[in-house]
Amino acid sequence: MSYETLILESAHTATALTNHVLTNGADLVVLGTRGHSRLAGFFLGTNAERLLHDAPVSVLAVRGQ
């Protein structure tokens, strides 16, 4: 099994991650979230929520403590 750590810089984080997944054939995306309330995420559209909807592969979102 192999994995790669990558740092992407973009003004549109979720879009950059989705494009990277599409062009590199990733099987899974793992990302951390800040744990904002569901209501704030609904109105603000966090990167994690956007990626959960747009990514063509499974996304594992891990909430920090």
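FYI, the numbering just counts along the sequence from 1.
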*Candidate pair Val29 and Val57, rule side-chain contact (heavy atoms from CB on, under 4.5 Å), full reasoning*: CA-CA 7 Å; Val29 175; Val57 297; 3.9 Å; yes
*Which heavy-atom pair separates Leu51 from Val59 by the least distance, and what is that distance?*
O-CG2, 4.1 Å
_Summary of salt bridge (charged side-chain N to carboxylate O under 4.0 Å, His left out) pairs that have at least one residue in residues 51-60, sequence neighbours excluded_ = Arg50-Asp54
Just list the side-chain donor-acceptor pairs under 3.5 Å for residues 16-25, sequence neighbours left out, or say none.
from: Thr18; atom 1: OG1; to: Ala14; atom 2: O; distance (Å): 2.9
from: Asn19; atom 1: ND2; to: Thr15; atom 2: O; distance (Å): 3.3
from: His20; atom 1: ND1; to: Asn24; atom 2: ND2; distance (Å): 2.8
from: Thr23; atom 1: OG1; to: Asn19; atom 2: O; distance (Å): 3.1
from: Thr23; atom 1: OG1; to: His20; atom 2: O; distance (Å): 3.3
from: Asn24; atom 1: ND2; to: His20; atom 2: O; distance (Å): 3.0

Pairs under 3.5 angstrom only: tabulate donor-acceptor contacts from the side chains of residues 5-13 to other protein residues two or more places apart or in another chain.
from: Ser10; atom 1: OG; to: His12; atom 2: N; distance (Å): 3.0
from: Ser10; atom 1: OG; to: His12; atom 2: O; distance (Å): 3.4

